[in-house]
Amino acid sequence: GAVVSQHPSWVICKSGTSVKIECRSLDFQATTMFWYRQFPKQSLMLMATSNEGSKATYEQGVEKDKFLINHASLTLSTLTVTSAHPEDSSFYICSATRGGWNEQFFGPGTRLTVL
Amino acid sequence: GEDVEQSLFLSVREGDSSVINCTYTDSSSTYLYWYKQEPGAGLQLLTYIFSNMDMKQDQRLTVLLNKKDKHLSLRIADTQTGDSAIYFCAEYSNASKIIFGSGTRLSIQP
């Protein structure tokens, strides 16, 4: 149990377009989901924390108008990168908790390349 | 602030033991984790240890925690080629977040 999926697994888009990434908890209800960003050969940086039915909490330095997060149900959170630019190219990983925040289950990641 | 540090690379011979070290700064961390990331994939939780424990063993994995020095280590016995990956040390901070280290890339030599 505790499987988290992401879709798509990779996406290539033109500069200026918007891209939506989905994160789903497949076999449990996720009260909280997290979105991370990982640059090549670097660690995961927390972007935002998302609770079902409420606004996401963004980390310092993350533009909330640039990275729109929606957590409409207990099994789905989406991250939309608006007006994407090449510097937004990265590996985006989501995670979900089913109880305490100390145990997070990670998705396989989505690689975004902006041309 | 919270910080987790690890060495970037480790190379071991197949069959030997691998020891990956980590230091952290938040003395109030309640949980400390080791995650494994294979190329192009998400993170897999390998093991975790409560802050009131000194050691935890799980098959080939042994975690040692020195709370006084804020030092955590992961020992992989009988390292295999399938253990090649990036290993992230992480702490559950008092801000209810998981803070990750930079990751240690483990490579296995035949």
Side-chain angles (χ1 to χ4, degrees), chain A residues 1-11 21-26 31-51 56-62 79 90-113, chain B residues 1-10 20 22-26 28-53 56 63 65 72 84-107:
Chain A
V3 178
V4 176
S5 70
Q6 284 184 238
H7 178 79
S9 54
W10 59 270
V11 56
I21 302 170
E22 292 185 350
C23 177
R24 291 183 186 271
S25 55
L26 297 185
T31 51
T32 304
M33 288 184 169
F34 302 84
W35 287 96
Y36 294 85
R37 184 173 180 178
Q38 185 181 30
F39 290 104
K41 298 183 181 179
Q42 293 189 27
S43 188
L44 279 72
M45 301 300 296
L46 180 64
M47 298 174 67
T49 303
S50 164
N51 290 296
T57 301
Y58 290 81
E59 294 299 300
Q60 194 172 9
V62 177
L79 167 67
S90 191
F91 195 52
Y92 292 88
I93 303 176
C94 75
S95 70
T97 64
R98 57 183 177 186
W101 285 24
N102 58 293
E103 190 173 22
Q104 294 184 21
F105 301 96
F106 285 81
T110 297
R111 184 163 301 284
L112 170 63
T113 303
Chain B
E2 305 127 344
D3 195 19
V4 179
E5 295 191 355
Q6 314 175 226
S7 54
L8 293 180
F9 301 99
L10 177 66
I20 304 171
C22 167
T23 57
Y24 60 98
T25 57
D26 187 353
S28 65
S29 293
T30 51
Y31 298 87
L32 294 135
Y33 311 86
W34 284 104
Y35 285 90
K36 177 183 180 181
Q37 185 181 34
E38 297 188 24
L43 271 67
Q44 173 194 354
L45 177 64
L46 283 179
T47 186
Y48 64 92
I49 188 168
F50 295 108
S51 60
N52 62 358
M53 296 170 64
K56 181 179 181 181
V63 178
L65 174 61
L72 184 74
S84 291
I86 300 175
Y87 291 81
F88 290 95
C89 169
E91 63 172 347
Y92 183 65
S93 76
N94 60 7
S96 300
K97 300 174 192 174
I98 294 183
I99 308 297
F100 289 87
S102 55
T104 299
R105 186 177 296 271
L106 175 64
S107 63

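Convention: sequence-line order gives letters A, B, ...; per-chain numbering from 1.
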What residue among Tyr33(B), Tyr35(B), Tyr92(B), Trp34(B) forms ring-ring contact (aromatic ring centres under 6.0 Å, His included) with Phe100(B)? Tyr35(B)
I need the Ile21(A) CD1 to His7(A) NE2 distance, nearest 0.5 Å. 10.5 Å
Atom CG of Asn51(A) and atom OG1 of Thr31(A): how far apart are they, to the nearest 0.5 Å? 7.0 Å
Which bit of Ile93(A) comes within less than 4.5 Å of chain B, counting heavy atoms only: side chain, backbone, both or neither? side chain
With a 4.5 angstrom heavy-atom cut-off, is it the side chain or the backbone of Gln44(B) that approaches chain A, or both, or neither? neither
Pick from Gly40(B), Ala41(B), Ala90(B) with the largest number of heavy-atom pairs that fall under 4.5 Å of chain A: Ala41(B)
Who passes side chain to side chain contact (heavy atoms under 4.5 Å, CB included) against Arg37(A), sequence neighbours left out? Phe39(A), Met47(A), Phe67(A), Asp88(A), Ser90(A), Tyr92(A)
At a 4.5 Å cut-off on heavy atoms, which part of Gln6(A) comes close to chain B: side chain, backbone, both, or neither? neither
